Amino acid sequence: MARGQEPSEVQSVATDSGERAYAAMVAKARSLVPHLRERAARTEELRHLPLETERDLHDAGLFRMLQPKRVGGAELDYVALIDCAELLGKADASVAWNLANLASHHWMLGMFEQRAQDLVWGGDPDVLIASSFIFPAGRARKVEGGYRLHGSWPFSSGVGSCAWNMLASVVASDDEADGIEYRIFLLPKADYKILDTWNVAGLRGTGSSDVEVRDALVPEHMTVAVGDLAGGATPGSKVNPNPLYALPVFSLFPYVLSGVALGNAQACLDDYAEVARHRISTYNRAKLSDFQSTQIKIAEASAKIDAARLIMRSACIEAMEDARRNRTPDMARKTKYRRDGAFSVNLCTDAVSMLFAASGARGLFTTGVLQRQFRDAHAINSHLAFNFDAAGTNYGRVALGLPSENLTL
């Protein structure tokens, strides 16, 4: 079949009440698809999400799907990022990308100290938080009461709509023998400058501009060490005991965004199959649906997409089950998560590329969605989290008994 199973039909989540809440969130995401698809061209023109799109996502509660219940969030299982991003990705990958990104930051904030959580959510629990997790882009040094931070970070998706930003940095040490520390810093909008740099070929509507910090003082409690996010109890666990907030953040990092690739690929397949049912070849007037090559391409693309979905969801569900049992994954499991996250997105990209090539000149017209799906697929795949050479090399190193080279794991 050309169409993949809906997320709610693939695997269920834990409890009856949890299943109902989960199903309700998925239904809200599904209801937005027609509207988001109609706005996709305008989203690209704006280079950021339209205000009505952000309002729809807020009204549906989608930004808060992983936010703690104690502040009004849904506190769903981690796999919600895959399922909801897939649905929205069928309409517009840029919307799905920003939704998954910004929703994941509520999840991460739940791992900071309570003082940080209260400062951000106490003013407005709907507030949006941007990020850039490119550690070498910043430099921080320890001072009394906190850190001094400066740097310039690219790819801060949705930053124009956000009042806060999570920025990753290397912490400099007076003694190089001490090694380096990776830490995440939470800054209010007044402490960074947005640089309008987002003029790109794919994911055009994400508004992923650069941000610059000159010399900000960040209090200690507004930071968290990457080592505290490696799995198990975090600084936020005292107030957020759900295993969701004990997951290994950077091991599972690819799955924040991989559902976007999945939805984009599924939409591409669905659109291709719909056209092939009715289209007549301009070469010999034969029906495309009668061509064996068309049938095989639909079979191959759907197999890649279904395999990618199974890989993505299984990793997230497995990680939640481990967290519920207080099991922290070892380095072999962590590098496997990174490997599978990259591999599954590569499968989606391959499917889109194959369907684009099979569509011939029809896919070139900017009035159609296929060219956007192709551009978005390759923009998604360009994210470092989906670089299979990097993820595969590190997995292979650990499998061969060598130390991991990924310092965030």
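Excluded from the calculations below are hydrogen atoms, water molecules and symmetry mates; all remaining heavy atoms, backbone and side chain alike, are included. On a predicted model such as this, the values are computed, not experimentally measured, just so you know.
Here the side chain of His105 pairs a donor or acceptor atom with the backbone of Ile129 at under 3.5 angstrom. With hydrogens and angles disregarded, a donor-acceptor distance shorter than 3.5 Å links the side chain of Gln67 to the backbone of Pro125. Judged purely by atom type and a 3.5 angstrom limit, Ser208 has no side-chain atom pairing as donor or acceptor with the backbone of Phe155. A distance-only check finds no donor-acceptor pair linking the side chain of Lys193 to the backbone of Asp210 [under 3.5 Å]. Between the side chain of Ser404 and the backbone N or O of Asn406, at least one donor-acceptor pair lies under 3.5 Å. In this structure, Glu75 contributes its side chain and Lys69 its backbone to a donor-acceptor pair below 3.5 Å. In this structure, the side chain of Ser156 does not engage the main chain of Ala130 through any donor-acceptor pair within 3.5 Å. Side chain of Arg115 to main chain of Met222: no donor-acceptor pair is present (N/O by atom type, distance under 3.5 Å, no hydrogens or angles). At least one donor-acceptor pair closer than 3.5 Å links the side chain of Ser237 to the backbone N or O of Thr234. For Thr53 (side chain) and Leu49 (main-chain N/O), no donor-acceptor pair under 3.5 Å exists by modelled atom type.
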Asp83 and Arg309: salt bridge (charged side-chain N to carboxylate O under 4.0 Å, His left out), yes or no, with the steps? CA-CA 9 Å; Asp83 293 346; Arg309 181 182 297 106; over 6 Å; no
Passes side-chain hydrogen bond (donor to acceptor under 3.5 Å, both in side chains), Arg338 versus Asn394? Steps please. CA-CA 9 Å; Arg338 297 291 298 225; Asn394 203 41; over 6 Å; no
Chi angles and distances behind the salt bridge (charged side-chain N to carboxylate O under 4.0 Å, His left out) call for Glu44, Arg375: CA-CA 12 Å; Glu44 282 211 313; Arg375 289 186 286 108; 3.0 Å; yes
Checking Asn240 against Gln114 for the side-chain hydrogen bond (donor to acceptor under 3.5 Å, both in side chains) test, could you report, in this order, the C-alpha distance in whole Å, the side-chain angles of both residues, the deciding distance, and whether it holds? CA-CA 9 Å; Asn240 300 317; Gln114 182 180 358; over 6 Å; no
Set out, in order, the CA-CA distance, both residues' side-chain angles and the distance that settles salt bridge (charged side-chain N to carboxylate O under 4.0 Å, His left out) for Lys297 and Glu300, then state yes or no. CA-CA 5 Å; Lys297 284 179 172 56; Glu300 184 177 352; over 6 Å; no
Asp92 and Arg37: salt bridge (charged side-chain N to carboxylate O under 4.0 Å, His left out), yes or no, with the steps? CA-CA 6 Å; Asp92 185 343; Arg37 190 152 181 152; over 6 Å; no
Derivation and outcome, side chain to side chain contact (heavy atoms under 4.5 Å, CB included), residues Leu119 and Trp164: CA-CA 11 Å; Leu119 180 61; Trp164 294 84; 3.8 Å; yes
Please walk me through it: do Tyr337 and Phe253 pass ring-ring contact (aromatic ring centres under 6.0 Å, His included)? CA-CA 9 Å; Tyr337 286 149; Phe253 187 62; over 10 Å; no
Glu54 and Ser161: CA distance, side-chain angles, deciding distance, side-chain hydrogen bond (donor to acceptor under 3.5 Å, both in side chains) verdict: CA-CA 9 Å; Glu54 287 191 359; Ser161 302; 2.3 Å; yes
Do Tyr147 and Arg183 pass the side-chain hydrogen bond (donor to acceptor under 3.5 Å, both in side chains) test, and can you show the C-alpha distance, the side-chain angles, and the key distance before you say yes or no? CA-CA 10 Å; Tyr147 297 83; Arg183 187 168 283 267; 3.1 Å; yes
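Look at Glu321 and Arg324 and you find a salt bridge, because one of the NZ, NE, NH1 or NH2 atoms lies within 4.0 Å of a carboxylate O, short of that distance. The pair Glu318-Arg333 meets the salt-bridge criterion, with a side-chain N (NZ, NE, NH1 or NH2) lying under 4.0 Å from an Asp/Glu carboxylate O. The pair Asp340-Lys336 meets the salt-bridge criterion, since a charged nitrogen lies less than 4.0 angstrom from a carboxylate oxygen. Between Asp215 and Arg148 a salt bridge is recorded (basic side-chain N to carboxylate O distance below 4.0 Å). Here Lys90 does not pair with Asp271 in a salt bridge; the nearest charged N to carboxylate O distance is not below 4.0 Å. Residues Glu212 and Arg214 are paired through a salt bridge, judged by an N-O separation under 4.0 Å between the basic side chain and the carboxylate. At a threshold of 4.0 Å, the pair Glu86-Arg313 does not count as salt-bridged, since none of the basic side-chain nitrogens sits closer than that to a carboxylate oxygen. Taking 4.0 Å as the cut-off between side-chain N and carboxylate O, Glu113 and Lys238 do not count as a salt-bridged pair.
Of the inter-residue distances, the one linking Phe112 atom CZ with Leu109 atom CG reads 6.5 Å to the nearest 0.5 angstrom. In this structure, CG in Leu128 is found 11.5 Å from CG in Asn165, a value given to the nearest 0.5 Å. Within the model, atoms CD1 of Ile311 and SG of Cys316 stand 12.0 Å from one another, a figure rounded to the nearest 0.5 Å.
Taking the six-membered ring wherever Trp is involved, the centroid distance between the rings of Phe63 and His106 does not fall below 6.0 Å.
For the pair Leu186/Thr223, no side-chain contact is recorded, criterion being any heavy-atom separation below 4.5 Å from C-beta on. Looking at Leu167 and Ile184, their side chains never come closer than 4.5 Å, going by heavy atoms from C-beta outward. Considering only heavy atoms from C-beta on, Trp97 comes within 4.5 Å of Ser157 through its side chain. Inter-residue side-chain proximity for Asn242 and Pro68 is flagged as unmet; no heavy-atom pair is nearer than 4.5 Å. In this structure, the side chains of Leu195 and Ser209 stay at 4.5 Å or more apart for every pair of heavy atoms. Counting heavy atoms from C-beta outward, Asp322 and Thr328 have side chains that stay 4.5 Å or more apart. Residues Cys162 and Leu102 are in side-chain contact: their nearest non-hydrogen atoms beyond the backbone lie under 4.5 Å apart. In this structure, Met312 and Cys348 have side chains that are in contact, with non-hydrogen atoms separated by less than 4.5 Å.
Using the six-membered ring where Trp is involved, Trp107 and Tyr78 have ring planes that are tilted, between 30° and 60° apart.
In Phe343, the CZ atom is not crowded: 12 or fewer heavy atoms of neighbouring residues, nucleotides or ligands sit closer than 6.0 Å.
None of Arg39, Lys28, His35 except one satisfies the side-chain hydrogen bond (donor to acceptor under 3.5 Å, both in side chains) rule with Asp56; the exception is Arg39. For the ring pair (Phe, Tyr, Trp, His ring centres under 6.0 Å) with Phe135, the lone residue among Tyr182, Phe185, Trp153 that qualifies is Tyr182. Tested against Asp376 for a side-chain contact (heavy atoms from CB on, under 4.5 Å), the candidates Gln373, Arg372, His378 yield a single pass: Arg372.
Of all heavy-atom pairs between Ala385 and Ala342, the closest is O-CB, 3.7 Å. In terms of heavy-atom proximity, Val33 sits nearest to Ala91 at O-CB, 3.4 Å. Nearest heavy atom pair, residue Ala319 against residue Leu247, reads O-CD2, 3.4 Å. The shortest heavy-atom contact between Leu262 and Ile305 is CD1-O, 3.5 Å. Considering every non-hydrogen atom in both Leu66 and Leu76, the closest pair reads CD2-O, 3.3 Å. The nearest pair of heavy atoms linking Leu81 to Tyr255 is CB-O, 4.0 Å.
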